[in-house]
Amino acid sequence: DISDSNAQSLLQTLNQELTWLVKFFRRKPSGPLEMVIVADASLWGSEPLPDDVMAVLDAKESLVKTSTKSKAIAYCPASTPLVKSALVETYCLQNFGSVGPLWFRKGMLEFGKYWQVPAQEVMVDASLLRLLSSVKEPASLEEITRTAVVPSESAGDSRLSAAQKRRKANLEARAARELDAQRWALCFLLAGNPNYQKRFQQLAMKLVTGQEVAFEAAFGKISKQLQLELNEFVKHAANGYQVDLTAWNWKHRFQSVGKS
């Protein structure tokens, strides 16, 4: 129920993003990708939307539903970033049946949310950059890609006051948002930095197809190099920053100053 002009503009953007996804995953869509964009749910009286879809749309979020026939359908509010994010999920679910483990799913959906041409240039919402700038110590690769949930309950929690419990919950929620921001940073860096692009593509295919593969195994000896580049990116990320132009030349041989 969006205007024809907005629909055409959005369709052009989604087709460009889909072209990137096909190139990255090296697989064309298994069929048409269906996305329902809703600006005003009250206009859908003749074709009412399911209750679970309405609940998600009311929360200004998107929902991708799958069927037993490997068909995925995305329901999104009329928000270009949310639609672009849902396209990544729809493409992966319909083609591979999965969007991979938690860190990859969150990182890539956020990547899709802000996808643009060129894909290597940062152009994101200020709130994401604020989260990154508030990170005091960048997380390790192991922390970012950890799939197991680490319990936050401690023996002393029962002795906390209500205000202390709220403060603890707020700090944990903030830490979770900062970690998700760094998951975006990791995926963005890996997808655009020529030092890691090829390995990331290979890893991504294994993750979305359900193969058991450890992040450490995929990057092996260059993990320390990756951690350093990621830390620098997290510290200095800003709109206009291009991860392909700031890639470190690890093969270059340096000389001491004053020596020929």
Side-chain angles (χ1 to χ4, degrees), residues 1-102 104-120 123-124 184 187-188 190-192 197 200-211:
D1 59 336
I2 60 178
S3 68
D4 290 342
S5 59
N6 286 343
Q8 286 300 318
S9 176
L10 180 58
L11 181 61
Q12 182 179 8
T13 298
L14 294 177
N15 278 329
Q16 290 176 328
E17 184 181 359
L18 180 59
T19 298
W20 184 91
L21 287 169
V22 170
K23 182 178 180 181
F24 179 77
F25 286 101
R26 297 191 180 97
R27 185 177 297 184
K28 294 181 179 180
S30 59
L33 300 181
E34 188 172 344
M35 306 187 77
V36 180
I37 316 300
V38 182
D40 185 352
S42 66
L43 300 177
W44 292 66
S46 59
E47 299 179 44
L49 298 167
D51 290 341
D52 58 340
V53 172
M54 287 299 300
V56 171
L57 293 177
D58 287 343
K60 303 301 181 183
E61 297 177 354
S62 59
L63 174 67
V64 180
K65 303 180 73 173
T66 57
S67 68
T68 55
K69 296 181 180 180
S70 299
K71 175 67 177 176
I73 303 177
Y75 296 88
C76 313
S79 163
T80 298
L82 290 180
V83 176
K84 292 197 298 182
S85 178
L87 176 62
V88 177
E89 187 172 11
T90 306
Y91 169 84
C92 288
L93 287 176
Q94 185 159 309
N95 269 15
F96 311 111
S98 168
V99 197
L102 179 67
F104 182 81
R105 179 180 183 276
K106 289 202 169 188
M108 288 304 289
L109 293 191
E110 197 75 356
F111 178 94
K113 183 177 181 181
Y114 299 111
W115 183 91
Q116 62 157 18
V117 178
Q120 301 90 344
M123 192 57 64
V124 300
W184 164 81
C187 289
F188 190 89
L190 292 174
Q197 278 177 326
F200 185 47
Q201 283 181 280
Q202 294 170 344
L203 174 63
M205 278 300 297
K206 292 177 180 178
L207 294 177
V208 295
T209 54
Q211 298 181 49

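It should be emphasised that the depicted structure is a prediction, and the values quoted were computed from it without experimental measurement.
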Discussion item. Pair Phe104, Leu203 - check side-chain contact (heavy atoms from CB on, under 4.5 Å), show working.
Written reply: CA-CA 10 Å; Phe104 182 81; Leu203 174 63; over 6 Å; no
Discussion item. My understanding is that only residues two or more places apart in sequence, or in another chain, count here; which of them pass salt bridge (charged side-chain N to carboxylate O under 4.0 Å, His left out) with Lys65?
Written reply: Asp52
Please check if the side chain of [X] supplies one atom and the backbone of [Y] the other of a donor-acceptor pair under 3.5 Å.
| X | Y | answer |
| --- | --- | --- |
| Gln94 | Ala72 | yes |
| Ser9 | Ser5 | no |
| Ser85 | Leu109 | yes |

Discussion item. Quick check for you: to the nearest 0.5 Å, what is the distance between Leu57 atom CG and Ser79 atom OG?
Written reply: 11.5 Å
Item to complete: Measure the shortest side-chain to side-chain distance between Val124 and Trp184 over non-hydrogen atoms and say whether it is less than 4.5 angstrom.
Response: yes
Discussion item. For a 4.5 angstrom cut-off between non-hydrogen side-chain atoms, does Met35 reach Leu14?
Written reply: yes
Can you list everything that forms a side chain to side chain donor-acceptor pair (under 3.5 Å) with [X]? Sequence neighbours excluded, please.
| X | result |
| --- | --- |
| Ser67 | none |
| Gln211 | Thr209 |
| Thr66 | none |

Item to complete: Identify, with sequence neighbours excluded, every residue that meets ring pair (Phe, Tyr, Trp, His ring centres under 6.0 Å) alongside Tyr114.
Response: none
Worksheet entry | Evaluation steps, side-chain contact (heavy atoms from CB on, under 4.5 Å), between Glu34 and Lys71 | CA-CA 9 Å; Glu34 188 172 344; Lys71 175 67 177 176; 3.7 Å; yes
Of all pairs that satisfy salt bridge (charged side-chain N to carboxylate O under 4.0 Å, His left out), the ones with a partner from [range], not counting sequence neighbours:
| range | result |
| --- | --- |
| residues 106-120 | Lys106-Asp180 |
| residues 2-14 | none |
| residues 75-101 | Glu89-Arg105 |

Fill in: ring-ring contact (aromatic ring centres under 6.0 Å, His included) partner of Phe200, chosen from Phe25, Phe24, Phe111
Phe24
For [X] against [Y], the heavy-atom pair lying closest together:
| X | Y | result |
| --- | --- | --- |
| Gly112 | Val88 | CA-CG2, 3.7 Å |
| Pro77 | Ile37 | O-CG2, 4.1 Å |
| Ala41 | Met54 | CB-CE, 3.5 Å |

Item to complete: Check Val64, Leu33, Leu82 against Leu87 for a side chain to side chain contact (heavy atoms under 4.5 Å, CB included) and give me the one that passes.
Response: Leu33
Response to the item:
Only one of Thr90, Leu18, Leu21 passes side chain to side chain contact (heavy atoms under 4.5 Å, CB included) with Pro29, and that residue is Leu18
Worksheet item: CG of Asp58: more than 12 outside heavy atoms within 6.0 angstrom?
Response: yes
Can you list everything that forms a side-chain contact (heavy atoms from CB on, under 4.5 Å) with [X]? Sequence neighbours excluded, please.
| X | answer |
| --- | --- |
| Gln120 | Pro118, Val243, Asp244 |
| Gln202 | Lys198 |
| Val36 | Val38, Trp44, Ile73, Tyr75 |

Worksheet item: According to the side-chain hydrogen bond (donor to acceptor under 3.5 Å, both in side chains) rule, which pairs have a member within residues 18-32, sequence neighbours left out?
Response: Ser30-Asn95
Worksheet entry | Verdict with supporting geometry, Ser3 and Asn6, side-chain hydrogen bond (donor to acceptor under 3.5 Å, both in side chains) | CA-CA 5 Å; Ser3 68; Asn6 286 343; 3.2 Å; yes
